Amino acid sequence: MPELPEVETIKRGLEQRVLKRTFVDVWTDFKKTIKRPKNFEQFKKSLKDKRIQSVRRRGKNIILDLSQGMSLLVHQKLTGHLLYGKWRLKSGKWLPLEKGPLTDPMNRFLHLVFWLDNGDQLALSDLRKFAKVELWKTEDLERDEEFKKLGPEPLERSFDFEKFKAILPKKGKIKQVLMDQNVIAGIGNIYSDEILFEVRVHPEKDIAKLSEKNLEKIYSATQDILKKAIKLKGTSISDFRDIEGKKGLFEKKLKAYRRAGKQCFRCGGVIQRIKVGGRSAHFCLKCQVI
DNA sequence: ACAATATCCTGCGAGC
DNA sequence: TGCTCGCAGGATATTG
């Protein structure tokens, strides 16, 4: 599922591929993906002839800033990922024109396809159809309450340890706090597990009971792990692919996530899986003792 | 005021 | 073999 490193990987891919391109047309077989405007014909009409001027990431959101003060926001949610290439529609199914990564089964679930002015396409593959796409007036998006509520970017230069401490709530289970987009933007289930494994902190630990030293460790591990994952183009443990359709390499580095029942690389203990806030949490019972 | 739960989806693997 | 069932999960809505 795309978290900050995966979304950043997509963002960088888009910068290479779609910057300065213009939207020509759009197709979907699942109109519900388009949340704004609700009417698909209106969406299509508003998007037509808009040029992509810049690409941004905010938390797990991708934002394409367009000409005429418009912005296209894409949230890939669980299984969505944007792809760039050439396909043709054959009896309701999109087939890649060339052999290569785009033929990967995880890239087959195209529910939204944009035509660009160079003849190529930008597509959203989304197995579970949770992804959302919204077309905004840029200034309305910046003023939107939901959007403004997003917490700070963990990898921004200005996000130092003092700032990290300042934005933390008074109490709460550390895993849930790290995953709360309104506290810090971009961390999800995979990286929260990996960060807490790294610092030997139990996912249910109440942040009120964490020492300054341990908070600092969590802060640094967050930076290190997110940066390392971006370098490796993210984690593809189930469905994530970059815009060329290729897998990320960070899945090989996972030490906790989806390793339930396996041996801990650090102490040889067994990795546990429990539910924290309705989500699966993976950790080593033996060495994540703080 | 807050926290737990349901909702949206569908491929996959387990179990019968 | 082939069916049903439960699970996975980000963010939001709804219920407790």
Side-chain angles (χ1 to χ4, degrees), chain A residues 1-10 28-36 38 57-63 73-82 92-94 103-112 124-134 136 141 144-151 153-154 168-196 203-204 206-208 226 229 234-241 247-248 251 254 256-261 271-283:
Chain A
M1 56 266 19
E3 301 178 30
L4 189 153
E6 291 75 30
V7 180
E8 182 66 25
T9 300
I10 295 280
T28 188
D29 65 351
F30 191 71
K31 293 190 172 106
K32 274 175 80 175
T33 301
I34 314 294
K35 305 286 184 199
R36 184 189 176 98
K38 284 260 176 355
R57 180 188 59 74
R58 182 70 179 94
K60 300 175 192 172
N61 297 282
I62 290 173
I63 299 155
L73 180 145
V74 179
H75 193 307
Q76 308 179 113
K77 296 278 180 86
L78 298 172
T79 57
H81 53 275
L82 289 167
K93 282 276 167 200
W94 287 92
T103 58
D104 182 320
M106 273 305 162
N107 296 327
R108 286 178 321 190
F109 306 96
L110 304 194
H111 295 297
L112 183 63
L124 178 71
S125 178
D126 188 16
L127 190 155
R128 285 176 205 154
K129 299 180 172 176
F130 287 159
K132 69 166 185 180
V133 172
E134 298 170 341
W136 290 81
L141 174 63
D144 179 63
E145 284 305 320
E146 292 293 325
F147 191 69
K148 279 201 297 189
K149 270 201 314 201
L150 282 172
E153 288 292 329
L168 290 177
K170 295 268 176 290
K171 61 184 175 74
K173 293 173 182 172
I174 182 65
K175 181 176 168 75
Q176 277 182 282
V177 171
L178 290 176
M179 286 174 62
D180 186 338
Q181 300 306 296
N182 298 328
V183 175
I184 315 171
I187 301 169
N189 216 24
I190 299 174
Y191 296 101
S192 56
D193 277 356
E194 294 303 308
I195 291 162
L196 294 174
E204 289 182 300
D206 187 340
I207 57 161
L226 294 177
T235 302
S236 296
I237 196 147
S238 56
D239 39 69
F240 175 73
R241 302 293 183 270
K247 285 186 166 198
E251 62 188 273
L254 295 178
Y257 183 74
R258 291 247 184 133
R259 294 199 67 248
I271 302 292
Q272 312 286 310
R273 189 178 77 193
I274 58 168
K275 288 275 176 192
V276 179
R279 294 285 168 259
S280 65
H282 309 77
F283 69 104

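Proteins come first, then strands; the chains are lettered A, B, ... in the order of their sequence lines, and each starts at number 1. Please read all numbers here as calculations on a predicted model, not as lab measurements.
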With sequence neighbours left out, which residue pairs that include part of residues 184-195 of chain A fulfil the side-chain hydrogen bond (donor to acceptor under 3.5 Å, both in side chains) condition?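 Residue pairs with at least one partner in residues 184-195 of chain A: A/E6-A/Y191, A/K175-A/N189, A/K175-A/S192, A/K175-A/D193, A/N189-A/S280, A/Y191-A/T235, A/D193-A/H282.
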
Describe, as an angle rounded to 10 degrees, how the axis at the first end of the helix from B/dC2-C/dG16 to B/dC16-C/dG2 is tilted relative to the axis at the last end, five pairs per end.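 Axis angle across the helix from B/dC2-C/dG16 to B/dC16-C/dG2, nearest 10°: 60°.
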
Would you mind checking if A/K173 and A/E204 are paired as a salt bridge, meaning a charged N to carboxylate O distance below 4.0 Å?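 Salt bridge flag = yes for A/K173 with A/E204.
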
For [X], report the nucleic acid contact type (base, sugar-phosphate, nothing); a contact means any heavy atom under 4.0 Å.
{"X": "A/S280", "result": "sugar-phosphate"}
{"X": "A/Q76", "result": "nothing"}
{"X": "A/Y257", "result": "sugar-phosphate"}
{"X": "A/K171", "result": "sugar-phosphate"}
{"X": "A/K275", "result": "sugar-phosphate"}
{"X": "A/R108", "result": "nothing"}

DNA chain B: A/G278 or A/F109, which has the more 5' nearest nucleotide?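 Closest to the 5' end, via its nearest nucleotide, is A/G278.
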
Checking A/F283 now: which residues fulfil ring-ring contact (aromatic ring centres under 6.0 Å, His included) with it, not counting sequence neighbours?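 Scan of A/F283 (ring-ring contact (aromatic ring centres under 6.0 Å, His included), adjacent residues dropped) gives A/H202.
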
For A/W136, give me all partners under ring-ring contact (aromatic ring centres under 6.0 Å, His included), at least two apart in sequence or on another chain.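 Expected list: none.
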
Show me the side-chain donor-acceptor pairs of residues 178-186 of chain A shorter than 3.5 Å, one per line, residues at least two apart or across chains.
residue	atom	partner	partner atom	Å
A/D180	OD1	A/N182	N	2.9
A/Q181	OE1	A/G186	N	2.8
A/Q181	NE2	A/M179	O	3.0
A/Q181	NE2	A/I187	O	2.9

Worked check of side-chain contact (heavy atoms from CB on, under 4.5 Å) between A/F240 and A/I10: CA-CA 10 Å; A/F240 175 73; A/I10 295 280; 3.7 Å; yes

A side-chain contact here means heavy atoms from C-beta on lying under 4.5 Å apart; do A/V7 and A/N61 qualify?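 Heavy-atom side-chain distance check fails, nothing below 4.5 Å.
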
Name the first nucleotide and the last nucleotide along DNA chain C (5' to 3') that come under 4.0 Å of a heavy atom in chain A.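 Nucleotide range with atoms under 4.0 Å of chain A: C/dA8 to C/dT12.
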
Contact interval (first through last nucleotide) of DNA chain B with protein chain A, 4.0 Å heavy-atom: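 Under 4.0 Å from chain A, the extent on DNA chain B is B/dA3 to B/dG11.
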
For A/D104, salt bridge (charged side-chain N to carboxylate O under 4.0 Å, His left out) partners two or more places apart: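 For A/D104, the residues satisfying salt bridge (charged side-chain N to carboxylate O under 4.0 Å, His left out) (neighbours in sequence not counted) are A/R241.
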
Taking salt bridge (charged side-chain N to carboxylate O under 4.0 Å, His left out) as the definition, give me every residue that meets it alongside A/K129, ordered by chain and number, with sequence neighbours left out.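 Salt bridge (charged side-chain N to carboxylate O under 4.0 Å, His left out) list for A/K129, sorted by chain: empty.
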
Under 4.0 Å, heavy atom to any atom of DNA chain C: which of residues 125-132 of chain A qualify?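 Contacting residues: A/R128, A/F130.
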
Run the side chain to side chain donor-acceptor pair (under 3.5 Å) test against A/R57 and tell me which residues pass, sequence neighbours left out.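 A/R57 satisfies side chain to side chain donor-acceptor pair (under 3.5 Å) with A/E8, A/E153 once adjacent residues are dropped.
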
Would A/L124 and A/H81 satisfy side-chain contact (heavy atoms from CB on, under 4.5 Å), going step by step from the backbone distance to the final call? CA-CA 6 Å; A/L124 178 71; A/H81 53 275; 5.9 Å; no

Side chains of A/T79 and A/D126: any donor to acceptor distance under 3.5 Å?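 Per modelled atom types, A/D126 and A/T79 side chains form a pair under 3.5 Å.
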
Identify each donor-acceptor pair in which a side-chain atom of residues 144-151 of chain A lies under 3.5 Å from a protein atom, sequence neighbours left out, and give them as a table.
residue	atom	partner	partner atom	Å
A/D144	OD2	A/E146	N	3.3
A/D144	OD2	A/F147	N	3.1

